[in-house]
Protein chains: 2
Amino acid sequence: MAAAEKHDVFQAIADPTRRQVLRLLSEKERPISEIAAHFPVSRTAIAKHLHILSEAELVSGRKVGREKLYRLQPKPLQELQEWLSYYERFWSNKLSILKHIVENEK
Amino acid sequence: MAAAEKHDVFQAIADPTRRQVLRLLSEKERPISEIAAHFPVSRTAIAKHLHILSEAELVSGRKVGREKLYRLQPKPLQELQEWLSYYERFWSNKLSILKHIVENEK
DNA sequence: TTGACATGGAACCAAAAGGTGTTATTTTAT
DNA sequence: ATAAAATAACACCTTTTGGTTCCATGTCAA
C-alpha cells in the first residue's frame, strides 16, 4: 500500500470506507478497533485507511496507554471547499448560468 | 481499464489530470485532441479520463462532424458540496468549533 | 476517391489500492 | 512475572489505475 507520494485530500475521500471513517471520527475520538468494528473488513485494512487519512492530514492520532485515539482534522477539507467554490457559479446563481451559456454559444 | 462498477464523483475528482480536464471544460466545450494537447500524456489516456468523468456524469459529449465535443456537467459536484457541508460546522463558526471541543472532552 | 484528420478500441504493462493473515511490540491487569 | 489487549509491522494476493502502442473506423477536403 505505502504510496510513493503522499496522498492528498482528493485521494483520501475517494474511498467510501474512508469517508465513513471520517464521519465516525467527526462524532468523537476513537481507537482503531472501535472504528474497525463498524466495518466488514479487517482491523489491518482500517489501519491502512487511517494511514492514508493521516497522510492527507485529515486525522491525527494520539497514544493513550495501549490505545491510539484518532481524531478528525477538518482543515484540509477547506482546500476541497475552495476547489469546489470555483464551480459554484455553475449552479448557485441563475444569472451566472445564463452568462456561461452565452459565453459558450458566441 | 473498464471498471466493474461505475465511478462516482469522489473517484472522478481524485485524479489531478481529471480535475484539470474539468477546469478546461469549464471554460468551453472542447474536442478530445484539444484537451489532450494540454497534457504530457497520450490522447488515449485522456480518452480514458473522459470516460471516467463521463461515468460520473461530470461531462457529456456530442458528436459534431468528425469531432466529439465534451462539455462540463456540473450537477454531480453538488453532491460533493452536500457531503462537504456536513463538515463545514467544524470551521465555519467559532462557536460550533468550541461546542465540538466541549463535546469531545466531556 | 483517396488521403489526412479525429476518434474508438483492443491488448498489454507496471505500479498502486485494497484486502488478507501472521508475527512482533508495547502496555495493562492479575 | 505473565497473560491478555491493542496496535504495529510484514509478507503476500488480486483487482484497479493510469499509462502505453497499434490498428480500425468514420469524416472531411482536395
Distance in angstrom units between D8(B) CG and dT16(D) P, rounded: 15 Å

Whole angstrom is fine here: how far is it from CD1 in I46(B) over to C1' in dG9(C)? 17 Å

Whole-Å distance between dG18(C) C1' and L50(A) CG? 14 Å

Nearest whole Å is fine: how far is dG19(D) C1' from H51(B) NE2? 16 Å

Choose from dT7(D), dG18(C), dT26(C) the nucleotide whose nearest atom is closest to any side-chain atom of K63(A). dT26(C)

Which whole-number value in Å describes the distance from I13(A) CD1 to dG18(C) P? 13 Å

side-chain hydrogen bond (donor to acceptor under 3.5 Å, both in side chains) assessment of Q81(A) paired with Q81(B): CA-CA 8 Å; Q81(A) 196 181 46; Q81(B) 197 181 46; over 6 Å; no

For residues I13(B) and F90(A): do they belong to one hydrophobic cluster (side chain heavy atoms under 4.5 Å, members Ile, Leu, Val, Met, Phe, Trp, Tyr)? yes

Run the side chain to side chain contact (heavy atoms under 4.5 Å, CB included) check on K75(B) and Q73(B) step by step: do they pass? CA-CA 6 Å; K75(B) 284 164 227 71; Q73(B) 222 62 57; 3.3 Å; yes

For the base of dG19(C), is there a side-chain donor-acceptor partner from K48(A) under 3.5 Å away? yes

Compare side-chain N and O positions of K68(B) against OP1 and OP2 of dG8(C) and report whether any pair is under 4.0 Å apart. yes

Quick check on the 6.0 Å ring-centre criterion: do W83(B) and Y87(B) meet it? yes

Any side-chain N or O of H7(B) less than 4.0 Å from the OP1 or OP2 oxygen of dT17(D)? yes

Without decimals, in angstroms, what is the distance between Y70(A) OH and dA6(D) P? 15 Å

Closest to the 5' end of DNA chain D, once T17(B) and L69(A) are matched to their nearest nucleotides, is L69(A)

Is it the case that the side chains of Y70(A) and S54(A) hold a donor-acceptor pair, with the cut-off being a distance below 3.5 Å and no angle test? no

R43(A) side-chain proximity, nearest of dT7(C), dG18(C), dA8(D): dA8(D)

Under 4.0 Å between any heavy atoms, over every strand shown, what does E34(B) touch: base, sugar-phosphate, or nothing? Just pick one. nothing

Round to a whole Å and report the spacing from CG of D15(A) to P of dG19(C). 6 Å

Testing dT20(D), dA6(C), dT20(C) for proximity to the side chain of V41(A), the answer is dT20(C)

Please determine, for the side chain of T44(A), which listed nucleotide (dC28(D), dC10(D), dA29(C)) has the closest atom? dC10(D)

Heavy-atom nearest nucleotide on DNA chain C for G65(A) versus R18(A): which residue maps closer to 5'? R18(A)

How many whole angstroms separate atom CD1 of I52(B) from atom C1' of dG8(C)? 16 Å

Between Q11(A) and dA17(C), is there a side-chain N or O to OP1/OP2 distance below 4.0 Å? yes

Give, for atom CD1 of I35(B) and atom CG of L69(B), the distance between the pair rounded to the nearest 0.5 Å. 9.0 Å

Looking only at side-chain N and O atoms, does S42(B) come under 4.0 Å of OP1 or OP2 in dG19(D)? no

Residue S33(A), side-chain heavy atoms: nucleotide from dT26(C), dT7(D), dT7(C) that is nearest: dT7(D)

Taking for H49(A) and for R66(A) the nucleotide of DNA chain C with the nearest heavy atom, the one nearer the 5' end belongs to H49(A)

